[in-house]
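Everything numeric in this text was worked out from a predicted model, so none of it was measured. Every chain is numbered from 1, with letters handed out A, B, ... down the list of sequences.
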Number of protein chains: 2
Amino acid sequence: MSDDVAPKKAWQLVVDWIEQRILSGEFAVGSHLPAERDLAQRVGVSRPAVREAVRTLQANGVLQSAVGAGATGGTTISGVPHQALTRLLRLHVALANFPTPDVTEVRVALERLSTRLASTRATDADLARMRDLLEVMDDDGLTMAEFNNHDTGLHVAIAEAAGNRLASDLTIAIRESMRLPILAGLDALPDWISTRDILRAQHHGIVAAITAHETEAAVALIEEHIRSAYARMTSLHADAGG
Amino acid sequence: MSDDVAPKKAWQLVVDWIEQRILSGEFAVGSHLPAERDLAQRVGVSRPAVREAVRTLQANGVLQSAVGAGATGGTTISGVPHQALTRLLRLHVALANFPTPDVTEVRVALERLSTRLASTRATDADLARMRDLLEVMDDDGLTMAEFNNHDTGLHVAIAEAAGNRLASDLTIAIRESMRLPILAGLDALPDWISTRDILRAQHHGIVAAITAHETEAAVALIEEHIRSAYARMTSLHADAGG
DNA sequence: CACATCTTAATGGTAAGACCATTACTCCCC
DNA sequence: GGGGAGTAATGGTCTTACCATTAAGATGTG
């Protein structure tokens, strides 16, 4: 009976209206949506409902908005999913909806894929970027937090050298979602300096294997790198028993 | 200079307020947020701004709202990321922000992981569910769309047997994001019947290997299954040249 | 005719206020 | 103790008004 079907919320009608046109191909990246006032009239809801719908799809990385008349103003379809992915995963990791052992397993699988692809596809610019990051991380003056940022940057650089958009975005999103937990895990270590030295050596090995197109070696090294780092950070394992 | 820093939008202030408390651990799954009116006052914005912020985090699968007084009403922290993930990926696949060859590679990596985990962790109930789906799919009377739904259901069942929340949710989200493109690809095939028979045989092999804990066999079979299906659906490759 | 300036309009951003439907809680009566 | 009525809390929705930004159009000047 229709009693079981709750009437759709006004903002949901707008979301559906927009999604339908995305799925049908009518809206593509760069397409301009009707103005909020026009869309409200067209769908038969109020302008705040349109705004709530826009916010929903903005959170999905699908829409972006700007004030002003002409081509720069209004709401357009966006082609930038990675920030939305990153935010989503970071929040759910923080809420422990994804336990860190699970995240680590997935990281291994995805970074194996990214590293495999990067070892055959990385450009000279990609490789130079990795080497720059290695050099920065070899500076003994870095704080742990700074080192972690560059460490993340190296993983991001490898992912971006993969030439696979989804693999890159997912790899980046998952690594970023673990930034704070990893930093906390490093902070709890008895000996940061020796850990840092091990991480550095591993980074060098990975980049060397990628540079030499030694695909299987690179893949094995990235996996070993992630697993051994995780194993060291015993504070991250607290989730596992939960 | 501060000229370069745009003032934060009112709804962004609320999103930040909520995110900060999630990241700090103050809010956990099940936590109740202050009422919209209270939150508006506390953050110093209007209630519509709060609603827009709630919509943002709802789209990230982080919040859910209900009308009414008492424990059932209000806005609470949610622990259900998979729908948000699925929606996000589906929209971006539809917008061609993730080309289908990229998606297929990532599917292979993730379904290898899910299948590996499932072959050691699947319960009797998980296996029975897979066998039920095999049996349903062996019915010659199914339409292509119905078969595709159950095919998706099998991939979902394997992913859920993995016992790794993130792997499951990502595998499911990615498979679901490809549901319509796969259906279109199947529709364009010259001989659906022979394809269906091949898919069925492959499904049986995968489930048998999982059941027998033949991990490496199961992993190889799921990869072959995905790759060969993708290779058959030439209409999906149109993206590759884009 | 080209350029500069001003005016106007379009657009998203924001807030206040009013009202509605749902839900639970409290109080009163039997 | 149970049932019913009243009240309050909550999200849901809409209307109205205003603001800041941006571009387009109109007007004036050289």
B/Asp38: side chain to side chain contact (heavy atoms under 4.5 Å, CB included) partners, not counting sequence neighbours: B/Pro34, B/Ala35

Side chain to side chain contact (heavy atoms under 4.5 Å, CB included) against B/Ala145, all qualifying residues, sequence neighbours excluded: B/Thr143, B/Leu183

Distance below 4.0 Å between A/Thr75 side-chain N/O and C/dG12 OP1 or OP2: yes

Which residues pass the salt bridge (charged side-chain N to carboxylate O under 4.0 Å, His left out) test with [X], not counting sequence neighbours?
X	value
B/Arg87	none
A/Glu36	A/Arg47, A/Arg51
A/Arg21	A/Glu26
A/Asp16	A/Lys8

A/His155 side chain to A/His150 backbone, donor-acceptor under 3.5 Å: no

Could you list, one pair per line, each protein nitrogen or oxygen that sits under 3.5 Å from a nitrogen or oxygen of nucleotides 13-16 of chain C, together with the distance?
residue	atom	partner	partner atom	Å
C/dG13	OP2	A/Arg51	NH1	3.2
C/dG13	OP2	A/Arg51	NH2	3.4
C/dG13	OP2	A/Arg55	NH2	3.4
C/dG13	N7	A/Arg47	NH2	2.6
C/dG13	O6	A/Arg47	NH1	3.1
C/dT14	OP1	B/Ala10	N	2.7
C/dA15	OP2	B/Ser46	N	3.2
C/dA15	OP2	B/Ser46	OG	2.8

Axial bend angle, the helix from C/dC1-D/dG30 to C/dC30-D/dG1: five-pair end segments, nearest 10°: 10°

Side chain to side chain donor-acceptor pair (under 3.5 Å) partners for B/Ser78, two or more places apart: none

Sugar-phosphate only, base, or nothing, as touched by A/Gly70 at under 4.0 Å among non-hydrogen atoms: sugar-phosphate

Salt bridge (charged side-chain N to carboxylate O under 4.0 Å, His left out) contacts touching residues 67-79 of chain B (sequence neighbours left out): none

Leading and trailing nucleotides of DNA chain D with any atom under 4.0 Å from heavy atoms of chain B: D/dA9 to D/dT13

For a quick test of your reading: what N or O donor-acceptor pairs under 3.5 Å do the side chains of residues 162-173 of chain B make, sequence neighbours left out?
residue	atom	partner	partner atom	Å
B/Asn164	OD1	B/Leu166	N	3.1
B/Asn164	OD1	B/Ala167	N	2.9
B/Asn164	ND2	A/Asp102	O	3.1
B/Arg165	NH1	A/Asn97	O	2.8
B/Arg165	NH2	B/Gly79	O	2.8
B/Ser168	OG	B/Ala159	O	2.5
B/Ser168	OG	B/Asn164	O	3.0
B/Thr171	OG1	B/Ser114	OG	2.9
B/Thr171	OG1	B/Ala167	O	2.6

